[in-house]
Amino acid sequence: MTALFLILAAAVTVDTGGIAVLPLPDDALAARYRGQQTLTVAGHAIVGVPLDAAPGAREVDIRTTVGQRAITFEVVAKDYPEQRLTIANRRQVNPLPEDLERISRESELQRAAYARRTPVRADLLPFEQPVEGIYSSPFGLRRFLNDQPRSPHSGLDIAADTGTPLAAPAPGTIALTGDFFFSGNVVYIDHGGGLVTMYGHLDSIAVEAGDEVARGDVIGTVGATGRVTGPHLHWTVSIQGVRVDPVLVMEAFERIDTAGDSRGD
Ligand SMILES: [Zn+2]
């Protein structure tokens, strides 16, 4: 049984920008990746793989009641498509010198929000999509704005009308809100365990830093603030500082949640 488990675990491959979802043995006490305790959800270690990660083998160290063991997975480079956008407001593509101080202040606030480490919530699942709508831009696109290369798309864009309410996907603490140069009106939610979600381009914000939110609580409304071509939600999911594909996170969490529900039947 143990040997079979190890063979299966070793076969796990994870795309850059994806997540490793590793079932932990029943006697696991802790899982660590690169020296940090992993996000652990319903008996699974969840590890985010950066878009720019080098391909190759990775190890998650598991401490059990009887000792240490490792679970491995393999990072595979995913070739994300290009996206070319035309932004009418050129200042949003090539900021003026006076914008740079604001941009750097906001990126420091963002970095601190993604770096938060609070205890993981026991009631993290189900993890629900914050708003219904068409996926107008998937995660990971290699972006060119007005023909200039920019950072890859760090979230999922969901198109919806301005004013559509946005619901918290799971319980958490509001880590940060603000009016940012690129992302417009933003809300960051800390769900614990290094899982932080971000909502950009909001029309209105309904929460303040420090608020506790429950799953389904309205945190604001869809809008077109900041650097956009139309109203949509930009939704980022970060796992221990690594931005990953929100669709993969929703799918993985649903699989885990469903498996957990049927376990006792
Ligand atoms: Zn976006």
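Just so you know, ligand 1 is whichever comes first in the structure, and atom 1 is the first atom listed for that ligand. Position 1 is the first residue of the sequence, and the numbers go up from there.
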**Study point:** Heavy-atom closest contact (P55 atom, A77 atom, distance)
**Key:** CG-CB, 4.0 Å
Review point. Does a donor on one side chain and an acceptor on the other come within less than 3.5 Å for Q148 and R150?
Key: yes
Check your understanding: Side-chain donor-acceptor pair under 3.5 Å between S137 and Q83, yes or no?
Key -> yes
Review point. Got a sec, which pairs hit side chain to side chain donor-acceptor pair (under 3.5 Å) with one end in residues 165-176, sequence neighbours left out?
Key: R121-T173, T173-E212
Review point. Taking the inter-plane angle between the rings of Y188 and F180 on a 0 to 90° scale, is it parallel (under 30°), tilted (30 to 60°) or perpendicular (over 60°)?
Key: tilted
Point to revise | Atom CG of L96: over 12 foreign heavy atoms under 6.0 Å | key: yes
Point to revise | Atoms named by residue and atom, protein N, O or S, within reach of the Zn ion (ligand 1) (under 2.8 Å) | key: H153 NE2, D157 OD1, H234 ND1
